[in-house]
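Structure, as structure tokens:
In what follows, every chain begins at residue 1, and chains take the letters A, B, ... in the order their sequences are listed.
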Amino acid sequence: MHLNEIISMGGYGLYVWTAYSITLLVFGMNLFTAIREKKRVKKTLRHYFSQTS
Amino acid sequence: MLHWFNQHFISLKAFYATSSALLPWLITAFSLCFAYGLIAGLFFAPADYQQGDGFRIIYVHVPSAFTAMAIYAVMAVSGILTLVFRMKIAAICMSVSASIGAWFTFLALVTGAIWGKPMWGTWWIWDARLTSVLILLFLYFGFIALQSVIPDQQSRDRAGAIMAIVGVINLPIIHYSVIWWNTLHQGPTLSKLAAPSIAPDMLHPLLAMIAAFLFFYAVILLLRMRNQIVLREIKTQWVKEVMSHAS
Amino acid sequence: MLKSLLTITHQEIVMTLRQAYSWITPLLFFVIVVCLFPLALGPDENTLNKVAPGIIWVGALLAIVMSIGNIFRSDAEEGHLDLLLLSAHPLTLLVLCKLISHWITHCLPLIVISPLLGILLHLNIHEESVLVISLLLGTPVFVLLGAIGSALVVGIRSHGLLLPILIMPLYIPVLIFGTGSMIAASANLPLASDFAMMGALVLISLAFAPLLTSAALRIGANQ
Amino acid sequence: MQTTPTEQTLVIDHLRFERNNITLLDQIHSTVNAGELLQVRGANGCGKSTLLRLLAGYLEPHDGAIFWQNKSITEQRECYQQNIHYVGHRNGIKSTLTVAENLKLQCALSNIRFEPTNAQAVLKKMGLQHITDKHAAHLSAGQLRRLALARLALTPNKIWILDEPTTALDTEGQTVLNELLTQHLTHGGIAIVATHQDLDKSHPTKMLHLGAANA
């Protein structure tokens, strides 16, 4: 499978690769929100502990 | 039996511990299935005689639609557990799964539209399954909107549980009425998206991708549930310890 | 037991009739929405006749969604909800009384007026009769499912458009079979299957909706 | 529970209640025997109404429990709630109905036959007999409060839970309330009242002070 065959995907390259990139995008979005949420939770906890202890 | 469950899953502290043990396994399982499914699906599976390589979008569209439905089922079950057994962990699982499920439903719709363009010339076809997925997206938005408006945590969990249960009762009814509606208006053609009797070496990557999507859901679910657990148990001692040596 | 439930339903009906605006506005809304479509689609008889089922059914659906929101709100604001929970009767029965009274006061007028709107859209007698029967079978499901949604949002102050978003996806099967029966009627096809399905939907909602509505009301009382 | 309380007692056993991680009530403990009145006192916002709604079974405690006839009320919620009268800040009166219709609705809700004579007597005691056919929407706050309290006399229930019953009541209304309370307590009923005014000393009263207002 040469490179240009992969890209062209039998003429449907544009559609196939956009579909797959959107999938990776959605996966990334989910992962990103999970990690950002973890950071924010850590911040609130640190703030809470500093307040109460 | 219930005690074992309580030990590992029901109590928030135990769930936190079990999830940290489970997460590495789930991540490896996801990466294996995803790698195999992606490579086999994109490069090694034979092209479809009708749709050529365009059919490879199936390896993304069908798993995301399947996972979207599966996540709603998980939400409904946790809804029942929240209402009947007052399980906090089920409430957390339910509200966290909602946003992940909405993402997957959106993904299923977008990939369905992208698949539809080269095959049938239009971005959107009122096919029975695609329409059911669209309605599923509305159910997800309804659930998330309801939960975002209720201030009190306990009422938010229970109201969401009821909405999930109402949704899961109506989903099969909606699905079959949409199929009935489809045959009424477009005649009994085979639904365009019905997976053709798929050759085994086309099928294996699809099963692997479905497994990969489900594992990914499990990973994100556990990650986000851990955040919610820590937030809800903020006053307990074990959260303090976990957070102190973690940060 | 039955007598007191009847008095409760009677009082509910009397209350809604005293506030005439509460049931007349959905009716006017229904008429205006249906009258908009001929203005939008043009007066040509064939197009109107072809689209008539959809117009009337969507109009009825929107009118009911609008009016279902305040079925429990006045009780919650006056604190009457707390009394309903303490009543000797099970809450599901009380909810059923309220839903029956709401159907009588809000949905019956829609059904009575729908043949008139059918004339605006050039429906013949057979289609008009099927319209009335399908509305009679469909509107109870609208009220039952709508009650769950309105009980869920009863505790929330500014819920605005949340209620329609919550319950309209659930209305889709009834809409499909309702319009389906009218399309079958205009093509003179047998109607048994459509009415059977709508009857089944009524029974399913009758089984689940009061139970879930009372559970939702108990949560509302939590605030 | 240390002593084996007689049948008709209400035991509040180390109650704790949280809302969104904020503890509103903690370690509330008390026992109310038949014929006793529990007066709940505390600053505004200290959870008096929350405690009363817990006692009425509207809310569920996070820790501890409330026992009625030696059984936790969460297990027997329906039949427990049937012998409760709850008068909260909101009167629960339907404003579109007349005074008489409100009483008729109240009898229907408690599944009791509505006798006009009995209703007339109750209205007379509450001083509302001259406005039976007036719409509740046109009543003054005091009259509404009396109408809400009228249901205490109309349908007999063992447990009365009153949240600031004397608000908007004039002196004459308060005396009527005290009469109702004495009659209720002498018949072996239980009353839980959240109020700042010191009620009539003749009732056997227990005090329950709730802690400082929570943040």
C:Gln11 portion near chain D, given a 4.5 angstrom heavy-atom threshold: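 Looking at C:Gln11, backbone and side chain both touch chain D.
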Proximity breakdown for C:Thr16 and chain D, heavy-atom pairs closer than 4.5 Å: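 Neither part; nothing is under 4.5 Å.
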Which atoms of [X] come close to chain C, meaning under 4.5 Å heavy atom to heavy atom: side chain ones, backbone ones, both, or neither?
X: D:His135; value: side chain
X: D:Arg77; value: side chain
X: D:Glu78; value: side chain
X: D:Ala56; value: backbone

Top contributor to chain C contacts, counting heavy-atom pairs under 4.5 Å, from [options]:
options: D:Ile84, D:Asn91, D:Thr155; value: D:Ile84
options: D:Arg151, D:Glu60, D:His85, D:Arg90; value: D:Arg90
options: D:Asn157, D:Leu97, D:Ile112; value: D:Leu97

For [X], look at atom [atom1] and say whether over 12 heavy atoms of other residues, nucleotides or ligands are found less than 6.0 Å away.
X: D:His187; atom1: NE2; answer: no
X: D:Lys206; atom1: NZ; answer: yes
X: D:Phe114; atom1: CZ; answer: yes
X: C:Leu161; atom1: CG; answer: no
X: C:Leu39; atom1: CG; answer: yes
X: D:Lys134; atom1: NZ; answer: yes

C:His10 side chain reached by D:Lys104 side chain, heavy atoms, under 4.5 Å: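 The answer is no; the side chains never approach within 4.5 Å.
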Distance (rounded to the nearest 0.5 Å) between D:Glu101 CD and C:Met15 CE: 9.0 Å
Got a list of side-chain donor-acceptor pairs under 3.5 Å for residues 76-100 of chain C, not counting sequence neighbours?
unit_1  : atom_1 : unit_2   : atom_2 : d
C:Glu78 : OE1    : D:Lys94  : NZ     : 3.2
C:Glu78 : OE2    : D:Ser95  : N      : 3.3
C:Glu78 : OE2    : D:Ser95  : OG     : 2.6
C:His80 : ND1    : D:Gly92  : O      : 3.4
C:Asp82 : OD1    : D:Arg53  : NH2    : 3.2
C:Asp82 : OD2    : D:Arg53  : NH1    : 3.3
C:Ser87 : OG     : C:His89  : N      : 2.8
C:Ser87 : OG     : C:His89  : O      : 3.4
C:Ser87 : OG     : D:Leu109 : O      : 3.0
C:His89 : NE2    : C:Ser4   : OG     : 3.2
C:His89 : NE2    : D:Ala108 : O      : 2.9
C:Lys98 : NZ     : C:Glu12  : OE1    : 3.2
C:Lys98 : NZ     : C:Glu12  : OE2    : 2.8
C:Lys98 : NZ     : C:Asp75  : OD2    : 2.5

Test side chain to side chain contact (heavy atoms under 4.5 Å, CB included) applied to C:Ile8 and D:Leu105, step by step: CA-CA 6 Å; C:Ile8 293 171; D:Leu105 185 60; 4.1 Å; yes
Residues of residues 169-179 of chain C within contact distance of chain D, non-hydrogen under 4.5 Å: none
